[in-house]
Structure formats: C-alpha cells, structure tokens
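Below: one structure, written as structure tokens.
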Amino acid sequence: MEKRSIPLIIWLMSIALIGVMAMQYYFVRESYKQKSQLFDEAVKASLTSVASNIEKREIIDFAREQDRINQKKHEADQAIQKHKEQLLAEQLHIQEKIKTLQIKQFEHQQQYKDQQENLKAHFPNAIPVNNSFYETYVRRKRYQELIDFNVINNYIGGGYFETDIELSATRQIPIVPSKDDSTRFIIPHFLHGQVTAIQTATLAPKINAEIAFQLHNLEKQLVDLNSRKLASASTLFDTLAIIGGKNADILKNVEFSMQLVKRPFRERVNFTYVKNELQNELSKREINTAFNIEVRDDQSYIIYETLKNEGPDSKNKFARYSTKLFENDLGRTPGQLSVYFPKSAVMRDNMSYLLLPMIALLALLISAFGYTLTIIFRQKKISEMKTDFMNNMTHEFKTPVATIMIASESLRDPEISSDEKRVNRLANIIYDENVRLGNHIERVLNIARLERENLKIEKVNVHINTLISGVLESMQLQLQKAEGTLTTDISAKRDIVIGDELHLANVFFNLVDNAIKYSPSAPDITVKTYNSKGHVVVTIADKGMGMTKDQKEKIFDQFYRIPTGNIHNVKGFGLGLSYVNDIVKRLNGKIYVKSEKDKGTIFELVFPLKTS
C-alpha cells in the first residue's frame with residue numbers, strides 16, 4: 001500500500017464517521033423536539049381536563065347541598081306554589097283575551113286600510129280632514145267658501161313634480177265638535193287650476209273604540225294581577241323575574257353562581273381529589289412520571305404545594321405547566337393550578353431506547369474504524385519489516401554463497417589443488433559456510449511451518465539441565481571469541497518436562513546467542529535453573545544494552561530487530577525471539593522479560609514438570 005493512500009483512507013473514513021455522527025445528532029434532536037412537543041400538549045390537556053372536572057365537581061357538590069336544603073322547604077313551598085299556579089292560570093286567561101282582542105283590532109285596521117287604498121285609487125287627490133274641521137266648514141255649505149286649497153308642487157327631479165294640497169280656512173269661526181269617530185275625506189275638483197266643486201267621502205273609524213276599551217280594561221286587570229304576584233314572591237330573584245318578565249330558573253342560576261364565588265377559595269378545592277385526578281389524566285396519556293403540584297388562589301397566594309422551596313433556584317430545575325381554576329366565575333380573578341415535571345429526566349428516559357442502540361452502533365463504527373487503522377498501520381509496519389527481512393536475508397545468504405564461490409574457484413587453481421593442506425582448509429570453509437547457509441534456511445522454514453501450524457512438535461521426556469549444559473558447551477567457542485564470561489547455576493532438582501528436545505535446544509541457543517550479540521562489550525551471561533511450585537524455571541541474564549519499555553513489548557513480533565545505532569555487527573532476520581515465544585507456548589510454558597536500558601536483560605522461562 002502506498003504511503004499516500006493511508007492518509008486518503010483515513011480522511012475518507014473520518015468524513016464518513018463524522019457524517020454518520022451528524023445524521024444521528026440531527027435525528028436525535030428532531031426526535032427530542034417532537035417528543036417534547038407531544039409531552040407538553042399531553043400535560044396541558046391533562047391540566048385543562050382536571051380544571052374542568054374541579055369546576056364540575058364543585059357545582060355537583062353544591063347542587064346536592066342545595067337540594068338537601070330545598071327538600072326541607074318543599075312542604076312550605078307547596079301552598080305558595082299552588083297560589084302561584086292559580087295566579088299564573090288567571091294571568092294566562094287574561095293574556096289570551098288580550099291576544100284575541102288585539103287580533104280583532106288588527107283585522108279592523110286592515111279593513112280600514114283596504115277602504116282607504118280603494119278611495120285613493122278612485123280619487124288620488126282625496127284629502128283627509130279631522131271631524132271638527134268637517135263639521136265646522138264642510139258640512140255647513142254656507143261656510144264652504146271659507147275653505148282655502150293651497151296647492152304645493154314639489155320638484156322630485158327628472159322634470160317631474162309631486163303635488164300636495166293643504167286645507168286651511170280663510171277666516172276663523174267657532175269650531176263645531178265632532179259627532180262621531182268616522183274618517184272623512186274632501187275630494188276637490190279643479191278646472192284651470194281652480195277648485196270648482198268639492199265632494200266628501202266617509203270611511204269607518206281607524207280603531208274600533210269598543211275593542212280598545214276592552215283592551216284597556218284587560219291590561220289594567222293584568223297590572224293588578226302582577227302586583228298580587230309580586231306580593232307573593234319569596235325571594236329577590238322571584239321578584240326580579242316578575243318585574244323583568246324572565247324565567248325565575250335563569251335568575252336562580254345567576255344566584256347559584258354568585259353563591260359559589262362567595263365561598264373561600266381554599267374550601268372550593270379538594271387537594272386530594274386534584275392530585276388523584278391529575279394522576280389519572282396523566283396516566284391516560286401514558287405519563288407515569290412523578291410530579292409536583294402548586295395551587296394559587298385568586299390573590300396569587302400559594303395555598304397548596306408538594307414542592308418545597310429549599311432555595312431560590314429549586315423550582316427552576318423543573319418544567320412548569322399551568323392552567324386557570326374557576327375561570328368562569330363572575331367578578332372574580334381565577335386561581336391557578338401548576339404542575340412541575342423533571343422534563344429533562346423524563347425525555348431522557350423516553351429516548352433511552354433510541355439512544356442506547358445509536359450509541360452502541362456509533363461505538364461499533366468507531367471501534368471498526370480504529371481497528372481498521374490499527375490493521376493498516378500494522379500491515380504497513382509488517383511490510384516494512386518484511387522488506388528489512390528480505391534485505392537482511394539477502395545479505396546473510398550472499399555472504400556464505402560468495403565465500404563458497406571464492407573457495408570453489410580457488411580449488412580449480414592447479415597450484416592450490418596440489419597443496420593438500422590448502423585444499424583441506426578450503427574444504428572446511430565450504431563446509432562451514434554450507435552449514436551456516438543451512439541454518440539460515442532452517443530458521444526461515446521453521447517460522448513458515450509455525451505460521452502454517454504444521455510444525456511437528458515431539459512430546460518426549462527432556463532433561464532441562466542436561467539440554468542446557470549441552471547448548472552452553474556448544475557455544476563455548478563463540479563465547480570465547482567474544483571474550484565473554486559465563487556463570488551457571490544449574491541446580492533444579494527436578495528437571496524432566498514433556499517437550500521437543502530439538503526445538504527446546506533452539507530456544508536456549510537463540511536466547512544465549514542474543515545475549516552475546518547484544519552486549520556492546522565483553523558479554524557477562526548468567527544461566528540458572530531451579531524449581532518453583534511444580535515448575536522448572538530457566539533464567540538467562542546478561543548485562544548488555546538492554547531494552548526500553550516500548551522495545552520490550554515488540555521483541556516477540558516477527559521481523560522485529562532492536563536498533564543498534566551505528567553498530568552493525570548484529571546479524572539476523574528478526575525471527576529468533578518470535579520462534580522462541582511460539583515454541584514455549586506450544587510446550588505449555590511461559591516466558592517473561594525484565595530489562596532496563598543499558599543495564600541488561602533477563603529472560604525467564606517457566607515449564608511445567610512432568611507429573612508422576
């Protein structure tokens with residue numbers, strides 16, 4: 001993988017992760033707003049319902065009390081009611097007569113109106129006159145010449161005039177009283193704008209005097225009857241009903257409302273009922289969270305509360321919802337019912353089923369993202385380590401091959417081939433380099449077998465003390481060459497384990513070889529064996545260059561080699577400790593490392609002893 005691809009992958013994955021987080025945040029925020037709005041509407045609806053139920057309950061309770069009081073007055077009211085019914089029957093009888101006479105009077109007036117319209121149809125210029133004027137000037141012909149007809153033309157537009165005729169007397173004479181109530185008209189006849197003759201017409205009276213007289217008497221009787229009913233009124237509202245002509249039940253409702261308003265506010269509210277009713281209404285709307293109540297009277301004083309004021313900000317921690325109490329009272333300020341909820345806790349509980357899966361999914365995405373980056377960097381590191389391994393392997397293989405090639409070419413020289421000593425020395429060089437090359441190949445093959453899980457491990461009895469002694473003896477020459485010191489304390493009394501002798505020997509060989517290679521000066525190595533709780537423990541300690549904590553955590557990784565700075569005398573592929581760790585684990589053992597920079601390293605191997 002190219003180096004430029006890694007930042008690009010990180011950026012793309014980061015953008016995708018941020019996008020997912022942004023979408024989740026938007027979804028959670030919108031869900032919170034919607035649920036918060038629904039919660040507010042449900043609480044407000046519950047409060048409104050409770051306030052209405054409180055008013056209904058008060059009316060029902062008060063009505064029951066009034067019924068109980070009225071029941072006691074029932075017998076006394078029976079006689080009064082009977083008298084009222086008699087007066088009412090008499091009143092209805094009189095009103096019926098008045099209605100009949102009014103109908104007759106209306107029919108008489110309609111008849112007169114028809115006659116008048118008929119007269120106007122035949123004589124449009126008929127002029128109505130009162131009966132006194134008729135008796136004085138018209139009926140007595142000798143005085144008709146005193147009648148003056150004044151013609152008035154009123155312009156009404158469009159070239160048209162409306163003619164109106166007024167009667168008057170040119171000379172005043174004693175007035176003759178009217179003899180009846182008939183309606184009379186004068187019909188003038190004009191010639192060249194002058195009245196040449198007059199004609200009279202008589203119609204029935206406008207109002208029937210007899211019917212009017214009867215109506216007057218009946219209305220007087222009705223007034224007297226109302227006075228008698230007023231005297232029999234038992235309450236102020238009965239009196240108001242009689243005077244205003246209203247239904248007494250309507251006014252009693254007004255009286256009822258006024259009596260309710262007069263009661264003290266504290267007596268009008270049953271706090272236990274309010275709390276239970278509010279709890280029931282909230283339960284209907286699936287709100288089962290604990291709440292606090294506050295009730296204020298018409299003066300805004302708190303008369304009941306379940307939330308105590310422990311500090312100035314104690315109520316600010318809760319969401320408040322309020323509604324008015326007894327809002328329909330006449331002439332009185334309504335009270336207030338408030339409920340307090342820990343809304344944030346409620347919304348958190350309501351959305352927990354949504355938040356937990358989203359948080360889990362987000363955590364999974366972040367974990368996958370982190371794991372992917374870890375794999376990418378690990379693969380990058382392994383790729384670099386494998387590149388170093390190939391370079392080291394090429395160098396390690398190239399040296400013995402070159403040595404063998406030079407020795408082989410020397411053997412082809414006749415002068416050298418005739419010298420037996422030189423031939424033997426060259427043959428030994430070729431043999432040693434072949435062994436070295438074979439060891440390198442064997443190491444690589446062993447690691448390959450370990451990775452493919454097909455490395456054959458024998459399970460035989462192995463004497464750890466004897467095996468370590470043999471390995472240390474075979475390495476004496478290498479240790480002497482490095483001018484090193486070896487201290488041994490092989491004192492384990494029980495040293496038989498179940499394992500593979502060859503691979504165990506390779507384990508100890510690698511550890512001692514590393515102790516020699518990673519000692520900047522003359523190696524100082526100590527090897528010990530001892531028993532501990534059913535195990536045999538092998539320690540290999542040196543006083544070499546040591547390791548840092550970070551290096552100590554990586555030494556068992558394949559291809560990893562501790563950097564040695566400018567010193568290039570340490571050869572190898574970085575496979576030795578990886579091989580050691582794998583073999584020890586396959587033999588049910590454990591390996592521990594203690595090291596300090598520039599102070600040395602201690603490897604501690606623990607193997608279970610063979611049981612009896």
_I'd like to check the ring pair (Phe, Tyr, Trp, His ring centres under 6.0 Å) partners of Tyr304; sequence neighbours left out, ordered by chain and number._
Phe271
*Hey, is CZ on Phe27 packed in by over 12 heavy atoms from elsewhere, all under 6.0 Å?*
no
*Any side-chain donor near an acceptor of the partner, Asn461 and Lys610, under 3.5 Å*: yes
*Less than 4.5 Å apart, any side-chain heavy atom of Ile540 and any of Val512?*
yes
*List the steps, then state whether side-chain contact (heavy atoms from CB on, under 4.5 Å) holds for Lys594 with Thr601.*
CA-CA 6 Å; Lys594 298 177 184 179; Thr601 304; over 6 Å; no
*asked:* Show every salt bridge (charged side-chain N to carboxylate O under 4.0 Å, His left out) that has at least one partner inside residues 527-542, sequence neighbours left out.
replied: none
*asked:* Closer than 3.5 angstrom, by distance alone: can the side chain of Asn288 be matched with the main-chain N or O of Ser283 as a donor-acceptor pair?
replied: no
_Stepwise side-chain contact (heavy atoms from CB on, under 4.5 Å) test for Leu278 and Ile293_ = CA-CA 9 Å; Leu278 186 57; Ile293 299 174; 4.1 Å; yes
*Gln24 to Leu361 - nearest heavy-atom pair and separation*: NE2-CD2, 4.0 Å
*Just jot down the side chain to side chain donor-acceptor pair (under 3.5 Å) partners of Thr539, sequence neighbours excluded, or say none.*
none
*asked:* For a quick test of reading the model, state the closest non-hydrogen atom pair linking Ser14 to Phe369 and the distance between them.
replied: OG-CZ, 3.6 Å
*asked:* Please check this pair: side chain of Gln34 against backbone of Ser31, looking for a donor-acceptor N/O pair closer than 3.5 Å.
replied: no
_Side chain Thr529, main chain Ser491, donor-acceptor under 3.5 Å_ = yes
I'd like a table of donor-acceptor pairs (distance under 3.5 Å, sequence neighbours excluded) in which one partner is a side-chain atom from residues 37-51, with atom names and distances.
residue: Asp40; atom: OD1; partner: Tyr321; partner atom: OH; Å: 2.3
residue: Asp40; atom: OD1; partner: Lys343; partner atom: NZ; Å: 3.0
residue: Asp40; atom: OD2; partner: Lys343; partner atom: NZ; Å: 3.2
residue: Ser46; atom: OG; partner: Ala42; partner atom: O; Å: 2.9
residue: Ser46; atom: OG; partner: Arg285; partner atom: NH1; Å: 3.4
residue: Thr48; atom: OG1; partner: Lys44; partner atom: O; Å: 2.9
residue: Ser49; atom: OG; partner: Glu281; partner atom: OE1; Å: 3.4
residue: Ser49; atom: OG; partner: Glu281; partner atom: OE2; Å: 3.2

_Min side-chain heavy-atom separation Asn506-Ile583 under 4.5 Å_ = no
*Take Asn53 and Tyr273 through the side-chain contact (heavy atoms from CB on, under 4.5 Å) test and state the conclusion after the steps.*
CA-CA 10 Å; Asn53 292 341; Tyr273 172 79; 3.6 Å; yes
*Test side chain to side chain contact (heavy atoms under 4.5 Å, CB included) applied to Tyr26 - qualifying residues, sequence neighbours left out*: Arg29, Glu30
*Non-hydrogen side-chain atoms of Val527 and Ile468 separated by less than 4.5 Å*: yes
*Report yes if some heavy atom in the side chain of Ile302 is under 4.5 Å from a heavy atom in the side chain of Val295; otherwise report no.*
no
_Donor-acceptor pair, distance only, cut-off 3.5 Å: does the side chain of Asn588 make one with the backbone of Pro608?_
no
*In Å and rounded to the nearest 0.5 Å, what is the OG1 to CG distance from Thr548 to Asp598?*
10.5 Å
*Do the side chain of Ser338 and the main chain of Arg320 share a donor and acceptor less than 3.5 angstrom apart?*
no
_Which residues share a salt bridge (charged side-chain N to carboxylate O under 4.0 Å, His left out) with Asp489, sequence neighbours left out_ = none
*Salt-bridge contact Glu294-Arg296 (side-chain N to carboxylate O under 4.0 Å)*: yes
_Please give me the minimum heavy-atom distance between Ser519 and Ala515, naming the atom from each residue._
OG-O, 2.6 Å
*Kindly indicate whether the side chain of Ile555, heavy atoms from C-beta on, has any atom under 4.5 Å from the side chain of Val593.*
yes
*Distance from Asn581 atom CG to Lys585 atom NZ, nearest 0.5 Å?*
4.5 Å
_Point-to-point distance, once rounded to the nearest 0.5 Å, from CE of Met13 to CG of Leu365_ = 9.5 Å
*For Asp500 and Leu587, work out which heavy atoms get closest and say how close.*
N-CD2, 4.0 Å
*Return yes if some donor-acceptor pair links the side-chain N/O of Ser532 with the main-chain N/O of His535 below 3.5 Å, else return no.*
no
*Would you find more than 12 non-hydrogen atoms of other residues, nucleotides or ligands less than 6.0 Å from Glu604 atom CD?*
yes
*Calculate, to the nearest 0.5 Å, the distance between atoms NZ and CD1 belonging to Lys459 and Ile498 respectively.*
8.5 Å
*asked:* Apply side-chain contact (heavy atoms from CB on, under 4.5 Å) to residues Arg494 and Val536 and explain how you reach the verdict.
replied: CA-CA 7 Å; Arg494 293 180 296 164; Val536 59; over 6 Å; no
_Backbone of Asp495 reached by a side-chain donor or acceptor of Asn465 within 3.5 Å_ = no
*Counting N and O atoms only, with roles assigned by atom type, does the side chain of Asn276 sit under 3.5 Å from a partner on the main chain of Thr272, one being a donor and the other an acceptor?*
yes
_CD1 on Ile464 to CD1 on Ile490, rounded to 0.5 Å_ = 10.5 Å
*Any side-chain heavy-atom pair from Lys517 and Asn514 closer than 4.5 angstrom?*
yes
*Please examine the side chains of Leu511 and Val580, heavy atoms only from C-beta on, and report whether any two atoms are closer than 4.5 Å.*
yes
*At what distance, to the nearest 0.5 angstrom, does CG of Asp297 lie from CD of Gln336?*
11.0 Å
*Do any N or O atoms from the side chain of Ser595 and from the backbone of Met547 form a donor-acceptor pair under 3.5 angstrom?*
yes
*Shortest non-hydrogen contact between Met475 and Ile516, atoms and distance*: CE-CD1, 4.0 Å
_Check: Leu605 and Phe508 side chains under 4.5 Å, non-hydrogen atoms_ = yes
